[in-house]
Amino acid sequence: MAAPLALVLVVAVTVRAALFRSSLAEFISERVEVVSPLSSWKRVVEGLSLLDLGVSPYSGAVFHETPLIIYLFHFLIDYAELVFMITDALTAIALYFAIQDFNKVVFKKQKLLLELDQYAPDVAELIRTPMEMRYIPLKVALFYLLNPYTILSCVAKSTCAINNTLIAFFILTTIKAAVHTCENEEQGLLDLFLGVCHDVCGKPSGNRLPLLLPSQLLGFHPRSLWLYCWVSPDFKLSCAVKEGLSVPDLTPNIGLFWYFFAEMFEHFSLFFVCVFQINVFFYTIPLAIKLKEHPIFFMFIQIAIIAIFKSYPTVGDVALYMAFFPVWNHLYRFLRNIFVLTCIIIVCSLLFPVLWHLWIYAGSANSNFFYAITLTFNVGQILLISDYFYAFLRREYYLTHGLYLTAKDGTEAMLVLK
Amino acid sequence: MGLLSDPVRRRALARLVLRLNAPLWALPVAWLERTMRSVGLEVYTQSFSRKLPFPDETHERYMVSGTNVYGILRAPRAASTESLVLTVPCGSDSTNSQAVGLLLALAAHFRGQIYWAKDIIFLVTEHDLLGTEAWLEAYHDVNVTGMQSSPLQGRAGAIQAAVALELSSDVVTSLDVAVEGLNGQLPNLDLLNLFQTFCQKGGLLCTLQGKLQPQDWTSLDGPLQGLQTLLLMVLRQASGRPHGSHGLFLRYRVEALTLRGINSFRQYKYDLVAVGKALEGMFRKLNHLLERLHQSFFLYLLPALSRFVSIGLYMPAAGFLLLVLGLKALELWMQLHEAEVGLEEPGGAPGPSVPLPPSQGVGLASLVAPLLISQAMGLALYVLPVLGQHVATQHFPVAEAEAVVLTLLAIYAAGLALPHNTHRVVSTQAPDRGWMALKLVALIYLALQLGCIALTNFSLGFLLATTMVPAAALAKPHGPRTLYAALLVLTSPAATLLGSLFLWRELQEAPLSLAEGWQLFLAALAQGVLEHHTYGALLFPLLSLGLYPCWLLFWNVLFWK
């Protein structure tokens, strides 16, 4: 499968290179949907020039990236476009191999459960065959690379692309470790949970590189937590994390925070910041309890929830969880609202620039219009994720209880999500 | 198509002009500078030049260069942070010289007053809108249209409002006001109300869209005339042209109006003193502004000068039209879904190997080909005419402007032949449902585009929706194909443009014959392309890159085998 993957990579790199050379690159790098105060390239350049002048980049309110970005781009600033194209390619390759291994695990587990007779007798059409799963890794790579959101993030040189690469490698190492140490599933799950917490805490920017190496070497131990804190010295970590958690910058973006906090009195802002940020962390525990046997699906839902509820989301975050859709395409028949939700997301993506133009340039709209589209977009995403969650659970139920359900009196039963 | 359409004549004229070493008519820059200086203004000039993408037959120009002259009246006691602009666009002949005279008289009068809190800029531009665009770009230090202009030496702070004046003679019978700007942007309604107030005070007769204000709103005549005025405004706003210098000011968030003095065969004539008084009143009122005009409506339609229709009343109409498309798409989705479930019943067909949900069974791959081909045609329509004009003039006996327009029409008509070629590329497993999936995608695409257009330029969105939505909803391969094909061709963007030209002249009570209409249509196409390149008007790219590919998709659906 190397050839189709290589072809997809070539096409993706061509599209990005063409856009980098065109006049659209500058326009895209200023769009608020694509870059946020935490991931904007302009701020990275600002931080690097502050460093060159001998001033700490964190002394102003401009630079909010982690030290990793400074170290990376201090030497690579001249090849920035190449770096971002390579990170996109690496993310796609990591996802490709991750999903390939995952499919093997899924198929093995399915075979095991079939032999153990855990499935109901009439679920033949729900069983997945290797034939249908053959092209899924390629589709995942395709979905990530040719997603307009990803292309826009790459052309805007948003550091969200680097975040995505780190998350993709994290997923790859998780799956590989789980494959190699099958018997340590519970321990793997614990570390998965911790990794997810790190995901969420590392919102300012994923400083997960230190997490990956010990994870692979040590086979996942909670010790990786202290390594994470060790790499970035205290004050820099607290600066970056404080920025993500306290939301001081209210530049409009596709998230839910900016409008709310622009209208709020200072007195209450701490309370509401806590309430908003709890949303990101809170769903981890119930989801972990419910999805303890399906870690990758749990990861998918968690990444989606982070992309929706984080303080400065961009379309690059949305693109990462959208890349996973081909993995769950066997759930398609159980999805209830996919048409309406796809329409909502496409319409909102197109209306973002229109209403921004009407607000900022034409002056005939105001921030309420833009926030309305933001709200609709996020509601659409939330409904999409809950639809996938419902479909997943429904399929699991059917697998163990049979496809054609009958109630106690023999009539056909309906499955309801409570 | 004009003086410059014959290449031989063009060369002769160019040689003659070169020998004279002078343009045919130029702004008397030195005299203007002297006069403005003697009045007491700070005078500056700005030179600009631009090579148009192809010769402009209507204004007879190709390589344009000129000079703008402007004088700043500094407010005696203010800090020069805000300013007002009175602009007189001078064309390539001396049609607007009366307005220059009025401008200088007003400048002399204003100079003697002490109550000015904002600076006033008196701007005389050459080559009317091109000069205004050059001045505005240099003033705001941007370069959006590729104009080469010298930087401005003197500025006067943020412009709060602007009035453009066009007078054809030294007595006027009525003043016509134009509000529609570039890409359908409108000034704040307060500015129009200001103008109307001062006209009433001075007893001046004012018209909107060239029509008098209806007096009798109780019988049928008043509303009917109001409807005509409204339709005229809709057509003008939909064209997206700047109908006067004010249209270019609106892009920079400067509220602006154009006042035209009309001298018709009416008995009672006003001299320029009356017009000057009205202008003075307007400027004194604008002088009092503490903040930019933002209290009144920005989006409205005008059936008369004293009445308006606000967006809350007219937007639901567009919303319902787009709902039709949405419901049709939903119906197609349900049909596709039922067909898919029906297919799965008998033997459990393998699940769709398609990742993206909206198309299933048919497969995404079979939709990509028509989409790409239609979009490529749209791109060809956008890029080729201007790019290929020189090649066309070498091989055919046409001038460049004609070549551009004829290439446009040729590519547009060539799109009609597409369905017979697309099907060779497309292979579908379920031909009956292939067209449903394509129509679903095309309906959503059309609804999205019309929605975005309706938000920024309501008239254009509504006009296109009323014509394209019924044809799009009805298009299908079964049924009376010739009837549907005729309907689809009649509602295509080009036919809408042609029809609206006829309607516009009909409403202005100067109906066109077919031949005249066709000539006007060709001129309108050339103007549309030119205005996109010179001012950044969006009608041409929207129609060629957005609506034409969408229309082609419906044409493909109609001729689906």
Side-chain angles (χ1 to χ4, degrees), chain A residues 124-129 131-136 138-140 142-143 146-147 322-333 335-366 369 373 384 387-388 391 403, chain B residues 181-188 250-255 292-294 297-300 311 322 325-326 329-330 332-334 336-337 340-341 344-345 347-361 364 440-441 443-445 447-449 451-458 538 546:
Chain A
E125 57 197 67
L126 291 181
I127 303 294
R128 307 178 65 190
T129 62
M131 265 316 288
E132 82 185 31
M133 304 204 308
R134 194 161 169 245
Y135 285 107
I136 290 181
L138 184 66
K139 280 180 198 158
V140 167
L142 192 76
F143 251 51
L146 296 183
N147 194 344
M322 279 176 80
F324 281 93
F325 285 157
V327 185
W328 322 114
N329 67 3
H330 59 280
L331 296 174
Y332 177 68
R333 54 181 293 179
L335 290 171
R336 289 176 304 175
N337 305 319
I338 193 68
F339 175 63
V340 174
L341 291 173
T342 316
C343 283
I344 287 180
I345 291 192
I346 295 178
V347 167
C348 288
S349 313
L350 273 183
L351 282 181
F352 272 124
V354 169
L355 281 159
W356 180 262
H357 170 84
L358 276 182
W359 173 21
I360 302 286
Y361 295 105
S364 30
N366 54 38
F369 295 73
I373 304 300
L384 187 66
D387 217 10
Y388 265 97
L403 200 53
Chain B
L182 185 66
N183 295 328
Q185 216 177 337
L186 298 170
N188 200 311
L250 290 171
R251 189 178 14 205
Y252 300 93
R253 298 285 291 113
V254 175
E255 314 301 335
R292 283 183 193 272
L293 284 168
H294 69 279
F297 292 84
F298 284 101
L299 302 165
Y300 48 86
I311 186 167
L322 296 179
L325 289 176
L330 197 62
L332 279 172
W333 174 260
M334 312 266 292
L336 275 174
H337 214 64
E340 155 79 15
V341 166
E344 273 202 9
E345 288 287 356
S353 61
V354 182
L356 192 61
S359 77
Q360 45 145 347
L364 196 61
L440 180 69
V441 172
L443 281 171
I444 297 179
Y445 191 26
L448 269 176
Q449 279 180 25
C452 292
I453 294 176
L455 278 176
T456 46
N457 183 350
F458 170 77
L538 289 176

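The structure presented is a predicted model; accordingly, all values stated were derived computationally and were not measured. Chain A is the first sequence line, chain B the second, and so forth, proteins listed ahead of strands; every chain is numbered from 1.
Listed by chain and residue number, A/F370, A/F377 satisfy the ring pair (Phe, Tyr, Trp, His ring centres under 6.0 Å) test with A/F352 (two or more places apart in sequence, or in another chain). Under the ring pair (Phe, Tyr, Trp, His ring centres under 6.0 Å) criterion, B/H294 pairs with no residue, sequence neighbours left out.
Of the listed residues (B/I311, B/L186, B/L299), just one forms a side chain to side chain contact (heavy atoms under 4.5 Å, CB included) with A/S364, and that residue is B/L299.
Of the two parts of B/A447, neither the backbone nor the side chain holds a non-hydrogen atom closer than 4.5 Å to a non-hydrogen atom of chain A.
Classification of the A/F339-B/W333 ring pair by plane angle, with boundaries at 30° and 60°, yields parallel.
Taking both residues in full, the closest heavy atoms of A/L358 and B/L455 are given as CD1-O, 3.5 Å, listed atom of the first, atom of the second, then distance. Pairing each heavy atom of A/Y361 with each of B/R253, the nearest pair is O-CD, 2.8 Å.
To the nearest 0.5 Å, the span separating OH on B/Y445 from CG on A/L350 amounts to 9.0 Å. Note that CD1 of B/I444 is 8.0 Å distant from OG1 of A/T342, once rounded to the nearest 0.5 Å. Put simply, CG on B/L330 and SG on A/C343 are 8.5 Å apart, with the number rounded to the nearest 0.5 Å.
Heavy-atom contacts from other residues, nucleotides or ligands closer than 6.0 Å to CZ of B/F297 number 12 or fewer.
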